[in-house]
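Both ligands and their constituent atoms are indexed starting at 1 by order of listing.
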Amino acid sequence: MTGVLTIVGLGPGDPRYLTPAASEALASATDIVGYGPYVDRVSERPGLRRHASDNRVELDRARFALDLAAKGAHVAVVSGGDPGVFAMAAAVFEAVENGDPSWRGLDIRVEPGITAMLAAAARVGAPLGGDFCAMSLSDNLKPWEVVASRLRAAVSADFVVALYNPISSARPWQLGAAFEIVSETRGPDTPIVLARAVGRPDERTRIVRLAEVEAAMADMSTLVIIGASTTRLIERPDSATPYVYTPRFYGVRP
Ligand code: SAH
């Protein structure tokens, strides 16, 4: 049997957001590898081996999956959201580049998923309608100076900025520092979207002004969207949640 390794995006949480192609990759797998809560999202069935690990060992997990595939298994490495966005796909290719040369001959595929940024944006309207960028605020894998200078540049360039990995118990201060950097350039009324656990039963999404936002409003399951200077709120009757959007038209015809 020839091994196959597919890195599968499970989407943000709602099973209806799993693509049919991702479902097929899971259905044909002999082995599921991933962080425990993601492995738990794949139903058990006879003959399917499940290998759950904790979240801090991405490269080890990638090598383990490649080794299984090299022995002939059909391996699905699972990630939340999209596997190419701050997730396992890059770890697998890093392991391939630096690992056993025979791994380069494996059939490695990536099945995309709906990333948290897109699911969060869809909940509130169209905040990503103009130009935007995405950053991971985690300084586990890159120095904080890089995060800070990149965020400053993105905000100065007036991108909408989506922040993944905004805060955790091991990284308690970075999000507050990020809001301070944003406040150097953006006005106090800038809309900030805090979308927590989108697509899961404990989902909660709120929209606040930059002047009012606090790091404590986010946790490690939150995706933060920082509006550009052009991002707008549409107020609605009966104190319904406003819509947030960023117009595509910049005010001047090119
Ligand atoms: N590969 C994932 C991102 C992994 S990084 C994706 O494409 O979505 C982990 C971060 O993603 C979390 O800290 C949080 O910022 C964000 N995230 C993941 N799932 C989320 C969800 N259901 N709702 C809101 N944010 C989520």
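Ranking protein heavy atoms by distance to atom 3 (C) of ligand 1, first place goes to V85 O, 3.6 Å. Nearest protein heavy-atom neighbour of atom 11 (O) of ligand 1: Y164 CD2, 3.3 Å. With hydrogens left out, the protein atom closest to atom 10 (C) of ligand 1 is N165 OD1, 3.6 Å, a heavy atom. Considering only non-hydrogen protein atoms, atom 7 (O) of ligand 1 sits nearest to T115 OG1, 2.6 Å. For atom 21 (C) of ligand 1, the closest non-hydrogen atom of the protein is V198 N, 3.5 Å.
Contact atoms of ligand 1 toward F86: 4 (C), 5 (S) (distance under 4.0 Å to a heavy atom of the residue). Within ligand 1, counting atoms from 1 as listed, the ones closer than 4.0 Å to a heavy atom of S221 are 23 (N), 24 (C), 25 (N), 26 (C). Set against the non-hydrogen atoms of A87, the atoms of ligand 1 under 4.0 Å away are 1 (N). Each of the atoms 1 (N), 2 (C), 6 (C), 7 (O) of ligand 1 lies under 4.0 Å from some heavy atom of G80.
One finds no salt bridge joining R200 and D202 here, because no Lys/Arg side-chain nitrogen approaches an Asp/Glu carboxylate oxygen to under 4.0 Å. Using a cut-off of 4.0 Å between Lys/Arg side-chain N and Asp/Glu carboxylate O, E203 and R196 are scored as not salt-bridged. Salt-bridge check for D67 with K71: passed, with a basic side-chain N closer than 4.0 Å to an acidic carboxylate O. Between R186 and D158 there is a salt bridge, with a side-chain nitrogen of the basic residue lying less than 4.0 Å from a carboxylate oxygen of the acidic one.
Between the side chains of H51 and D31, a donor-acceptor pair is found at a separation under 3.5 Å. Checking S53 against R61 by side-chain atom types alone, a donor-acceptor pair falls below 3.5 Å. Defined by atom type and a distance below 3.5 Å, a donor-acceptor pair is missing between the side-chain atoms of T230 and T246.
Few gaps surround CZ on R209; more than 12 heavy atoms of other groups in view lie less than 6.0 Å from it.
For ligand 1, the polar-atom distance check finds an N/O of T222 within less than 3.5 Å of one of the ligand's N/O atoms. At under 3.5 Å, a nitrogen or oxygen of P12, whether backbone or side chain, sits near a nitrogen or oxygen of ligand 1. Of the N or O atoms in A116, one or more lie within a sub-3.5 Å distance of an N or O in ligand 1. Considering backbone and side-chain atoms alike, M220 places an N or O below 3.5 Å from some N or O of ligand 1. Geometrically, ligand 1 and L163 share no nitrogen or oxygen pair separated by less than 3.5 Å.
Contacts between A195 and ligand 1 below 4.0 angstrom, taking non-hydrogen atoms only, involve the backbone exclusively. In R200, the part holding a heavy atom less than 4.0 Å from any atom of ligand 1 is the side chain.
Cluster annotation: V124 and M117 are assigned to the same hydrophobic cluster (Ile/Leu/Val/Met/Phe/Trp/Tyr, side-chain heavy-atom contacts under 4.5 Å, transitive).
Heavy atoms of G13 come nearer than 4.0 angstrom to ligand 1 in no pair at all. Heavy atoms of A120 stay at 4.0 angstrom or farther from ligand 1. Residue P166 places a heavy atom under 4.0 Å from ligand 1.
Across every non-hydrogen atom of Y38 and L10, the tightest pair is O-CD1, 3.5 Å.
Between Y164 and F86, the distance from one ring center to the other falls under 6.0 angstrom.
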